[in-house]
A.B. asks: 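Handing you this structure, nothing more for now.
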Amino acid sequence: MDLWSRKDNVTDKRRTNHEGRSGVNLVGHSDEDHVTDNEIYTIALAGVDSEGRQSATVCGLDQHEETFTVDEALEAIGFGMFQWKLSVVTGLSWVADAMEMMILSILAPQLHCEWKLPGYQVALITSVVFAGMGVGSPLWGNVSDRYGRKTGLTMSVCWTLTYGVLSSLAPVYGWLLFLRGLVGFGIGGVPLSVTLYSEFLPAKSRGTYIMLIAVFWAIGSVFEVLLALLIMPTLGWRWLLFFSSFPMAVFLCFCHWLPESARFHLLMGKTGKAMETLARIAKDNGKPMPKGKLVGNQQNERGRIKDLFTPQYRKTTLLLWFIWFANGFSYYGIVLLTTELFQAGPLCTAIQGAKIEASCSLECKYLTSSDYKDLLWTTLAEFPGILLVLFAIDRIGRKKSLALCFFMFSLCILPLFACIGRLSVTICIFIARAFISAGFQVAFVYTPEVYPTETRALAMGTSNAVSRVGALITPFVAQVMLRQSVSATLSFYLIFCLLGGVTSLLLPIETLGRGLEESCLDQEAGQQTATTNQTNKTAHSSNQR
């Protein structure tokens, strides 16, 4: 039996009660030789935490009652109009996140010139955003696991919109740093949209469906460059910051439509609300609800960091954290390197030892229309990256897709060590960004799939926070170290991505085709059942011999 393909927290089997028992068939017992369509056994689990408190509620069992789980309901209802509308609403928050990220590569050279900032202060403008995201991501994840996905996502977008608008009014450098840090804190909660979205998708081709969210990220990135090309030469960076907050305002206008996750309601013991949500999905999709009673575990202890380090998740968590770190370091590094290398002039001169920055540290170069157009071309790499993931993720699996993206990014970095022209630099950056963007999206697909509902948002939050640590460091490499040595800078990105590829292959769990778990108790029960079944099969084989 495949341990990882066990569905949800309830096993629904039709059995013949040859012994006339009216009790519950305990987890760990197998009657596979006596399966018929006459009797239903529903197994629910109860767990006790380290302090002796019961953490799950056992659902009532009725051997004659039809039951179904959230996964089974979503599989029956399928992907339809409801998920399309959900894609658009949650995608608006993803557009806003992408635009805030692209601002960083545009804002830095502008303020370097306008406020006469030295290199390290320019890098701080970028790093303080990622520092805020690193702090905010796990906190928003904890809020989401305790109070709901919709609550956490809406609060984080409200926060980001408020301080995004205020940062456009910053009078001096210190205020800008402070306000952009608060913007970063709010952006840390935006990936909750992926968590919410994934919990409404059927297991089949879930990876493909989540790529709909990735399309909105690509749209946001491209739209920000076009907005900068239009606004920066005339109105300046303050208006760019102001107009970049528009998608968040639109999201807040539609967020009342967002439903709370049925999985989250079920985990809280609110089976009625979970049924209402599933009925709403079925109505929008024009499909009938499964017959019977919705069953699942109530989990009172949710959003605990220690649950990410239980024996079954410890290795996965540590390896994933490095993968997210390498993704954040490399993705935002290539975004920042794009404008830096375009401003550097001939790459051959820089590689041969000449410093990019002139002797006067305050000398600057504004981004030209040619720079914006090249930035636009490299940003369009987000779209082929999505196509790459769509092709690979449900064919070769999540782990191999991650490794492929890391290794191909490293391969595209190698030509930058040589003396190549601006067109060749643009092509290499385009392909490299396509692959690292694809790798980031695979990480967003894999992480919600590998953790149960009780810690899913926290796992996303902490992983996102670790990626922001990498993003926080990368400005000092891409914007400061680059001015001293191009080769040393590129070597950092090459090494981290090679290590990221190896780490991806070492992940212990492949989630391709696996249903989302509601509780860690599901996995424990699955392991017990699998062990017992294996023992029974071994004993049966011995008896035959």
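What's counted below: heavy atoms across the whole structure, side chains too, no hydrogens, waters or symmetry copies. Bear in mind that the values here come from a model prediction, so they are computed numbers and not experimental data.
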A.B. asks: Quick check: do F440 and W217 have side-chain heavy atoms less than 4.5 Å from each other?
C.D. replies: no
A.B. asks: Test of understanding: with side chain to side chain contact (heavy atoms under 4.5 Å, CB included), list the residues that count as partners of V95, not counting sequence neighbours.
C.D. replies: M99, F216, P247
A.B. asks: Just by distance, do the side chain of N285 and the backbone of G78 share a donor-acceptor pair under 3.5 Å?
C.D. replies: yes
A.B. asks: Sequence neighbours left out, what passes side chain to side chain contact (heavy atoms under 4.5 Å, CB included) with M408? Give chain and number order.
C.D. replies: L404, L411, F435
A.B. asks: Side chains of residues 266-283: which donor-acceptor partners sit under 3.5 Å, not counting sequence neighbours?
C.D. replies:
unit_1: T277; atom_1: OG1; unit_2: K273; atom_2: O; d: 3.1
unit_1: R280; atom_1: NH2; unit_2: W257; atom_2: O; d: 2.6

A.B. asks: Run the side chain to side chain donor-acceptor pair (under 3.5 Å) check on E449 and S198 step by step: do they pass?
C.D. replies: CA-CA 8 Å; E449 290 181 335; S198 67; over 6 Å; no
A.B. asks: Apply side chain to side chain contact (heavy atoms under 4.5 Å, CB included) to A392 and list each qualifying residue two or more places apart in sequence or on a separate chain.
C.D. replies: I396, S401
A.B. asks: Could you tell me the separation between the SG atom of C405 and the CD1 atom of I323, rounded to the nearest 0.5 Å?
C.D. replies: 11.5 Å
A.B. asks: Report the residues that fulfil side-chain hydrogen bond (donor to acceptor under 3.5 Å, both in side chains) with Y446, sequence neighbours left out, ordered by chain and then residue number.
C.D. replies: none
A.B. asks: Return the set of residues passing side-chain hydrogen bond (donor to acceptor under 3.5 Å, both in side chains) with S437 (not counting sequence neighbours), or none when no residue passes.
C.D. replies: E382
A.B. asks: Roughly how far apart are L402 CG and L320 CG, rounded to 0.5 Å?
C.D. replies: 8.0 Å
A.B. asks: Who are the ring pair (Phe, Tyr, Trp, His ring centres under 6.0 Å) partners of F309, not counting sequence neighbours?
C.D. replies: W321
A.B. asks: Looking at every non-hydrogen atom in both residues, tell me the closest pair between S245 and L161 and how far apart they are.
C.D. replies: O-CD1, 3.5 Å
A.B. asks: Please state whether the rings of F329 and F325 are parallel, tilted or perpendicular, taking 30° and 60° as the class boundaries.
C.D. replies: parallel
A.B. asks: Give the C-alpha distance, both sets of side-chain angles, the deciding distance and a yes or no for side-chain contact (heavy atoms from CB on, under 4.5 Å) between N327 and I436.
C.D. replies: CA-CA 7 Å; N327 261 320; I436 199 61; 3.5 Å; yes
A.B. asks: In Å and rounded to the nearest 0.5 Å, what is the CD1 to OG distance from I103 to S221?
C.D. replies: 11.0 Å
A.B. asks: With a 4.5 Å heavy-atom cut-off, do K85 and V89 have their side chains touching?
C.D. replies: no
A.B. asks: Spell out, as yes or no, whether a donor-acceptor pair under 3.5 Å connects the side chain of T462 to the backbone of A459.
C.D. replies: yes
A.B. asks: Which atoms form the tightest heavy-atom contact between P138 and L458, and what is the distance?
C.D. replies: O-CD1, 3.8 Å
A.B. asks: How about W324 and Y331: are their ring centroids closer than 6.0 Å?
C.D. replies: no
A.B. asks: Can you pull the ring-ring contact (aromatic ring centres under 6.0 Å, His included) pairs that have at least one residue in residues 382-407, sequence neighbours excluded?
C.D. replies: none
A.B. asks: Assess whether ring pair (Phe, Tyr, Trp, His ring centres under 6.0 Å) is satisfied between W94 and F444, documenting all intermediate values.
C.D. replies: CA-CA 12 Å; W94 218 226; F444 273 104; 5.1 Å; yes
A.B. asks: Which heavy atom of K399 sits nearest a heavy atom of I509, and at what distance?
C.D. replies: CD-O, 3.5 Å
A.B. asks: Measure from the side-chain N and O atoms of T317 to the backbone N and O of L308, and report whether any donor-acceptor pair falls under 3.5 Å.
C.D. replies: yes
A.B. asks: Look at the side chain of K150 and the backbone N and O of L258, then say whether any donor-acceptor pair between them is shorter than 3.5 Å.
C.D. replies: yes
A.B. asks: If you compare all heavy atoms of P202 against all heavy atoms of F79, which two are closest, and at what distance to 0.1 Å?
C.D. replies: CG-N, 4.2 Å
A.B. asks: Calculate, to the nearest 0.5 Å, the distance between atoms OH and SG belonging to Y163 and C158 respectively.
C.D. replies: 12.0 Å
A.B. asks: Check whether any side-chain N or O of Q83 sits under 3.5 Å from a backbone N or O of F200 as a donor-acceptor pair, and report yes or no.
C.D. replies: yes
A.B. asks: How close do L74 and L201 get, heavy atom to heavy atom, and via which atoms?
C.D. replies: CD1-O, 3.8 Å
A.B. asks: Test side-chain contact (heavy atoms from CB on, under 4.5 Å) on K315 and L319 and set out the steps.
C.D. replies: CA-CA 6 Å; K315 182 178 179 181; L319 291 176; 3.9 Å; yes
A.B. asks: Would you mind writing out the side-chain donor-acceptor pairs for residues 183-197 within the sub-3.5 Å range, not counting sequence neighbours?
C.D. replies:
unit_1: S193; atom_1: OG; unit_2: V190; atom_2: O; d: 2.9
unit_1: Y197; atom_1: OH; unit_2: S87; atom_2: OG; d: 2.7
unit_1: Y197; atom_1: OH; unit_2: Y209; atom_2: O; d: 3.4

A.B. asks: One pair to check against side-chain contact (heavy atoms from CB on, under 4.5 Å): L252 and M248. What are the steps and the verdict?
C.D. replies: CA-CA 6 Å; L252 292 177; M248 285 176 279; 5.7 Å; no
A.B. asks: Would you say the side-chain atoms of S463 pair up with the backbone N or O of M460, donor to acceptor, closer than 3.5 Å?
C.D. replies: no
A.B. asks: Counting only heavy atoms from other residues, nucleotides and ligands, does the tally under 6.0 Å from CZ of F322 exceed 12?
C.D. replies: yes
A.B. asks: Evaluate the ring planes of W140 and W159, with Trp represented by its six-membered ring, and classify them as parallel (under 30°), tilted (30 to 60°) or perpendicular (over 60°).
C.D. replies: perpendicular
A.B. asks: Do R149 side-chain atoms and S144 backbone N/O form a donor-acceptor pair below 3.5 Å?
C.D. replies: yes
A.B. asks: About how many Å separate CZ of F251 and OG1 of T160, when rounded to the nearest 0.5 Å?
C.D. replies: 10.5 Å
A.B. asks: Once side-chain hydrogen bond (donor to acceptor under 3.5 Å, both in side chains) is applied, do any residues pair with E260, and if so which ones, sequence neighbours excluded?
C.D. replies: none
A.B. asks: Would the distance check show the side chain of R263 and the main-chain N or O of E199 forming a donor-acceptor pair, the cut-off being under 3.5 Å?
C.D. replies: yes
A.B. asks: Name all residues meeting the side-chain hydrogen bond (donor to acceptor under 3.5 Å, both in side chains) criterion together with S504; count only those two or more places apart in sequence or in a different chain, and write none if there are none.
C.D. replies: none
A.B. asks: Counting N and O atoms only, with roles assigned by atom type, does the side chain of S137 sit under 3.5 Å from a partner on the main chain of G134, one being a donor and the other an acceptor?
C.D. replies: no
A.B. asks: According to side chain to side chain contact (heavy atoms under 4.5 Å, CB included), who are the partners of V225, at least two apart in sequence or on a separate chain?
C.D. replies: M102, L375, L376, T379
A.B. asks: How many angstroms lie between atom CZ of R398 and atom OG1 of T447, to the nearest 0.5 angstrom?
C.D. replies: 11.5 Å
